[in-house]
Structure formats: C-alpha cells, structure tokens
Peer 1: 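Here's a structure for you.
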Amino acid sequence: MFRDRYKRAYNTISPSQELVSDMIDRARSGSRNSVKRRFAVRTSLAAAAAVLCLVMAVPVCAAHIPAFYKIVEYISPAMADQLVPIEKSCTSQGITMQVEAINLKGNEAEIIISLQDAQGSTQDLVHGEMDLYDSYGLSDYTNDSIVGGCLFLTYDAAEDKAYFQVMVQSDNAYQADKLRFWVHAVLCDKYEETKNVDLSGIDYAPGTKQVTLSGGGGLMPEEMLPDSLRGEPRTPDDPLPDTRVLDGIKAADCAADDFTVTGLAYMDGVLRVQMCMGDNWRSDRHVDLYLKDAEGNERYSDRSVSWNEEVGDTSYVFYEFWYLEDIVDIRDYSMYGVFHESGELVEGNWMVTFRVQGD
C-alpha cells in the first residue's frame, strides 16, 4: 500500500519548465566544445541521479531513522507528509481503527479511538464490548509511550463502533506535529456473568505454599496487612516478592479456558478465596468478588495478589482475594462474583499517523 502511494508521488516529480528551457537553450547554442558539453551533460545527469537516489532513499530513512525524519520534516513538512502518510483510520484483519480525538498535556496523552467492522467485511467482529489487550502505544518519532491504560467506553450499534479511552505517558513531552498511534491486538466478544460462590467448603486449617507474585493491589495498604500476608522481596535486586498462598487445587486440574475456585479458607482473621483464571495468554478473564454479611452489606476484597503457574506450554493465572473480617459463623455470609470473560483474540497491525495541529 505504501509502496504504491510513494510510486504515485514520485511519478509526479518533474523538472521545472525554467530548467528545461535553460537546458534546451544551452544545447542549441553550441557555444561550448563537444568535450565540455559532454562533461556538462554527464555532470547534470550525475546530479540528477544523486537527487533521484536521495528521493528514493528518503521513505526508508524517514520511516526507520528518527533523526533523518526530523531533517526532512524541518526542510519540508509537506514532503514528510508524503513519506509518512497522514491517515486518521487504518484497516487490518477486517477491523477499522479510527482516532476520534486526542488531548496532549506535556508527556501525557488522552486518546479517543473507535473500532468498527471494515466496509464489506462479513466477520462481524465488532458488536459489543472489546479490549485492546495492552497492545497499544503512541510515538512522536522521538519517544514512545512507556505506561498506559485503556477503558472501554461504549458500543454504538447504529454506527457499529466500539469506543475506547486510551491514556498513555512517556518520559518526555510529546511533540504535536507528528504522532503515530498503533494497536497490535484486540479482544472480541467480551461478556460478563454474575454467579454465586459457594462458601460451604471453607477450610480452617489449610496448607500453604510459597509463590512469586506477578501482581497485587487493593484498598488496604500492604503495611496494614497481618504479617502472614505480607510479601518479601526475593533478593535486593528483584522487586517481585514471595508470599504464602493457599495450597489448593493444582494447576493441572484447572480448566484452561474457564474459572476454577481452587481454595477457600479462614485463618488469622482473614477470609481467603483463591481462583484460577485459566490460560490468559490469548484471552482476558478476571472476576470481581463481593462478600455479603447477614445484614446485606457487601464489600470488595481488602487486597488481592496474583501469580502464574506453568503446566507444559500452558500458563495458568491465579488470584487470591483477602477479606479482613471477624467471622464467627460463615453461614451468615454469602459471596457472589461478576465474572468477566473475553472471546476471540484478533492480532493485526493498526497504525495511524496524524498531526494534532493543522488538521
């Protein structure tokens, strides 16, 4: 696609009429001897060839060497626009991505994008909630985004568009004159289901095991947790902590494509609920668990931790949710979860180049 666009641009390049007339006049004048004429013609041809080689090399250099791109941009913004086409939408794998709006504030950017089924596509991939699967980024050809977040906003059935709010941040302030936003994968067919979690099989003297955490969070700071729940760094140079979790159902006995409750326990004044999310390499499963007391008051976990366990080529994701609660009789409590499940992972190459000013 880009090669054809460049070819069409280069085919329109021609010498000015003044230069052509001057060359014709010199050829007709015959004032120079034949040797000088041949030398002049060869010099002109060599110069023209050098210019042609430079022009032909610009697209490759501009695309891959930021410093060279800056030079081209400084000399001629219009030329730079030809080298890196300004597009607000891009189609890949039957889905069209479009940048709807962007707000730049120094090194932070807030972007509104949409996804819709490509014109003429019969796949119907866009028809509800979706996810960008942490595969997006923003670049201004000098620095890339290093952290970000994505929020699904809504699906407009009339336009067949799914809207997202993307927030990204870089080390340095973004340059507004030329930006490139990309997405490499999307998750389709996301849905959620509310189901009860049975607390009748709770264990009051469970076994535990040591795991290396891959994540964790919650409303309660870690320093307020009981000593038994606090993670410890493995080494001074390794920030990933080790902690003890329930030694419940083994990963090999869990469903790779579904949720599995792997442990329920009450110990040291903490209700622990452990759950396996299956294999999340090509999906995204997570759950919001709520504990309800006898009066109907419900709340989310005070803190949760996560880790991975490998079985052959399959990587299982585990979460353990902690509720710091004085429980006298577990029968006075109930629990339910909002289970979020993603469907098909679509890998593509959506890339949009645009200016914030001058559109």
Peer 1: Should L199 and L291 count as side-chain neighbours, where that means a heavy-atom distance under 4.5 Å?
Peer 2: yes
Peer 1: How close do S214 and N308 get, heavy atom to heavy atom, and via which atoms?
Peer 2: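 Minimum heavy-atom contact is OG-OD1, 3.5 Å.
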Peer 1: Decide whether I95 and Y136 are clustered together by the hydrophobic rule: side chain heavy atoms of Ile, Leu, Val, Met, Phe, Trp, Tyr closer than 4.5 Å, transitively.
Peer 2: yes
Peer 1: Got a second to check how far T91's OG1 is from D117's CG, nearest 0.5 Å?
Peer 2: 10.5 Å
Peer 1: At what distance, to the nearest 0.5 angstrom, does NZ of K88 lie from OG1 of T353?
Peer 2: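 Interatomic distance, K88 NZ to T353 OG1, rounded to 0.5 Å: 13.0 Å.
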Peer 1: With a sphere of 6.0 Å drawn around CZ of F181, does it hold more than 12 non-hydrogen atoms of other residues, nucleotides or ligands?
Peer 2: yes
Peer 1: Within the 4.5 Å heavy-atom criterion, are M335 and N196 side-chain neighbours or not?
Peer 2: no
Peer 1: Please give me the minimum heavy-atom distance between P206 and M267, naming the atom from each residue.
Peer 2: CG-SD, 3.5 Å
Peer 1: Judged by atom type as modelled, is there a donor-acceptor pair below 3.5 Å linking the side chain of D302 to the main-chain atoms of L324?
Peer 2: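 Confirmed, D302 side chain pairs with L324 backbone.
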Peer 1: With side chain to side chain donor-acceptor pair (under 3.5 Å) as the test, would you mind laying out the steps for T96 and S89 before giving the verdict?
Peer 2: CA-CA 7 Å; T96 297; S89 64; over 6 Å; no
Peer 1: Kindly compute the distance separating CG (N143) from CG (N172), expressed to the nearest 0.5 Å.
Peer 2: 5.0 Å
Peer 1: Evaluate the criterion side chain to side chain contact (heavy atoms under 4.5 Å, CB included) for residue pair V245 and K209; output intermediate values, then yes/no.
Peer 2: CA-CA 6 Å; V245 297; K209 63 182 179 181; 4.0 Å; yes
Peer 1: Do E159 and Q116 get their side chains close enough for a donor-acceptor pair, meaning under 3.5 Å?
Peer 2: no
Peer 1: Could you go through the side chain to side chain contact (heavy atoms under 4.5 Å, CB included) check for T208 and D247 one step at a time?
Peer 2: CA-CA 5 Å; T208 62; D247 189 9; 5.5 Å; no
Peer 1: Once the angle between the rings of F321 and Y300 is folded into 0 to 90°, is it parallel (under 30°), tilted (30 to 60°) or perpendicular (over 60°)?
Peer 2: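 Geometry flag for Y300 against F321: perpendicular rings.
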Peer 1: Are I112 and V168 connected, step by step, through hydrophobic side chains (Ile, Leu, Val, Met, Phe, Trp, Tyr) whose heavy atoms are closer than 4.5 Å?
Peer 2: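 In one cluster with I112: V168, no.
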Peer 1: Determine whether V317 and Y319 satisfy the following criterion, side chain to side chain contact (heavy atoms under 4.5 Å, CB included), listing intermediate values before the conclusion.
Peer 2: CA-CA 7 Å; V317 179; Y319 274 77; 3.8 Å; yes
Peer 1: Taking W322's backbone N and O only, do any of them form a donor-acceptor pair with R303's side chain (distance below 3.5 Å, no angle check)?
Peer 2: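 Checked: no pair found.
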Peer 1: For a 4.5 angstrom cut-off between non-hydrogen side-chain atoms, does N349 reach H184?
Peer 2: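 Heavy-atom side-chain distance check passes, below 4.5 Å.
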Peer 1: State whether a side-chain donor-acceptor pair under 3.5 Å links D144 with S139.
Peer 2: yes
Peer 1: Test of understanding: with ring pair (Phe, Tyr, Trp, His ring centres under 6.0 Å), list the residues that count as partners of Y191, not counting sequence neighbours.
Peer 2: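 Not a single residue meets the ring pair (Phe, Tyr, Trp, His ring centres under 6.0 Å) criterion with Y191.
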Peer 1: Using atom types as modelled, flag every donor-acceptor pair under 3.5 Å from a side chain in residues 119-130 to any protein atom, sequence neighbours excluded.
Peer 2:
unit_1, atom_1, unit_2, atom_2, d
S121, OG, Q123, N, 3.3
H127, ND1, D124, O, 2.8
H127, NE2, D189, OD1, 2.5

Peer 1: Give a yes or no answer on whether the side chain of D293 reaches the backbone of N297 with a donor-acceptor pair at less than 3.5 Å.
Peer 2: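 Confirmed, D293 side chain pairs with N297 backbone.
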Peer 1: Ignoring hydrogens and geometry beyond distance, is a side-chain donor-acceptor pair present between D242 and T212 at under 3.5 Å?
Peer 2: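 Yes, because at least one side-chain N or O of D242 sits under 3.5 Å from a partner of the opposite role on T212.
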Peer 1: So F164 and F152, would you call those rings parallel, tilted or perpendicular, with 30° and 60° as cut-offs?
Peer 2: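 The rings of F164 and F152 stand perpendicular, inter-plane angle above 60°.
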Peer 1: Could you tell me whether a side-chain N or O of R331 sits under 3.5 Å from a main-chain N or O of S200, the two making a donor and an acceptor?
Peer 2: no
Peer 1: Can you give me the closest heavy-atom contact between V311 and A251, atom names plus distance?
Peer 2: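 Nearest heavy atoms, V311 then A251: CG2-CB, 3.7 Å.
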Peer 1: Any sub-3.5 Å donor-acceptor pair from Y266's side-chain atoms to E325's backbone N or O?
Peer 2: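 Pair found, side chain donor or acceptor close to backbone of E325.
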Peer 1: Using a 3.5 Å distance criterion without hydrogens, assess whether the side chain of N107 forms a donor-acceptor pair with backbone atoms of A173.
Peer 2: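 Not a single qualifying donor-acceptor pair exists.
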Peer 1: How would you list, by chain and number, every residue that makes a ring pair (Phe, Tyr, Trp, His ring centres under 6.0 Å) with F259, sequence neighbours excluded?
Peer 2: F339
Peer 1: Rounded to the nearest 0.5 Å, what separation is found between the CZ atom of R272 and the CD atom of E320?
Peer 2: 5.0 Å
Peer 1: Quick test of your reading of the model: are D131 and K190 salt-bridged, counting only N-O distances below 4.0 Å?
Peer 2: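 K190 and D131: salt-bridged.
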Peer 1: Using the side chain to side chain donor-acceptor pair (under 3.5 Å) rule, take E347 and Y133 through it: C-alpha gap first, then chi angles, then the decisive distance, then the call.
Peer 2: CA-CA 10 Å; E347 295 177 297; Y133 203 56; over 6 Å; no
Peer 1: Measure the shortest side-chain to side-chain distance between V166 and L132 over non-hydrogen atoms and say whether it is less than 4.5 angstrom.
Peer 2: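 SC-SC contact between V166 and L132 confirmed.
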Peer 1: Is C276 close to I249 at the side-chain level, that is, under 4.5 Å between some pair of heavy atoms?
Peer 2: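 No, every pair of side-chain atoms sits at 4.5 Å or beyond.
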Peer 1: With no hydrogens and no angle check, is any side-chain donor or acceptor of D198 less than 3.5 Å from a backbone partner on G201?
Peer 2: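 Not confirmed, D198 side chain does not pair with G201 backbone.
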Peer 1: Determine, step by step, whether H340 and D284 satisfy the side chain to side chain contact (heavy atoms under 4.5 Å, CB included) criterion, reporting the C-alpha distance in whole Å, the side-chain angles of both residues, the deciding distance to 0.1 Å, and the verdict.
Peer 2: CA-CA 8 Å; H340 302 269; D284 180 24; over 6 Å; no
Peer 1: Any idea which heavy atoms bring D326 and Y333 closest together, and the distance?
Peer 2: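 Of all heavy-atom pairs spanning D326 and Y333, the closest is O-OH, 3.7 Å.
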Peer 1: Do K250 and E309 have side-chain heavy atoms sitting under 4.5 Å apart?
Peer 2: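 Result no, sub-4.5 Å side-chain heavy-atom pair not found.
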Peer 1: Would a hydrophobic clustering, with Ile, Leu, Val, Met, Phe, Trp and Tyr connected at side-chain separations under 4.5 Å, put V352 with W350?
Peer 2: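 V352 clusters together with W350.
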Peer 1: Could you measure the distance from the CD1 atom of I113 to the CD1 atom of I102? Nearest 0.5 Å is fine.
Peer 2: 11.0 Å
Peer 1: Using atom types as modelled and distance alone, determine if a side-chain donor or acceptor of S145 lies under 3.5 Å from a backbone N or O of L138.
Peer 2: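 Confirmed, S145 side chain pairs with L138 backbone.
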Peer 1: If you look at every heavy atom in L115 and M97, which pair is closest and at what distance?
Peer 2: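 For L115 and M97, the tightest heavy-atom pair comes out as CD2-CB, 3.6 Å.
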Peer 1: Quick check: is I146 connected to L104 through a chain of hydrophobic side chains (ILVMFWY, heavy atoms under 4.5 Å apart)?
Peer 2: no
Peer 1: For D329, look at atom CG and say whether over 12 heavy atoms of other residues, nucleotides or ligands are found less than 6.0 Å away.
Peer 2: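 Yes, because the 6.0 Å sphere around CG of D329 holds more than 12 heavy atoms from other groups.
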Peer 1: Is there a donor in the side chain of Q274 and an acceptor in the side chain of T262, or the other way round, less than 3.5 Å apart?
Peer 2: yes
Peer 1: Less than 4.5 Å apart, side chain to side chain, heavy atoms only: is that true for K292 and Y290?
Peer 2: no
Peer 1: Is there a side-chain contact between M277 and D258, using heavy atoms and a 4.5 Å cut-off?
Peer 2: no
Peer 1: I'd like to know if L151 and V338 are part of one continuous hydrophobic network [Ile/Leu/Val/Met/Phe/Trp/Tyr, side-chain heavy atoms within less than 4.5 Å].
Peer 2: no
Peer 1: Got a second to check how far T260's OG1 is from F318's CZ, nearest 0.5 Å?
Peer 2: 8.0 Å
Peer 1: Looking only at heavy atoms, which two atoms of S315 and W281 are closest? And how far apart?
Peer 2: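 So the two residues come closest at CB-NE1, 2.8 Å.
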Peer 1: For the pair S301 (side chain) and Y323 (backbone), establish whether a donor and an acceptor sit closer than 3.5 Å, ignoring hydrogens and angles.
Peer 2: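 No; zero donor-acceptor contacts below 3.5 Å.
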Peer 1: Has K105 got more than 12 heavy atoms of other residues, nucleotides or ligands less than 6.0 Å from its NZ?
Peer 2: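 12 or below, so no.
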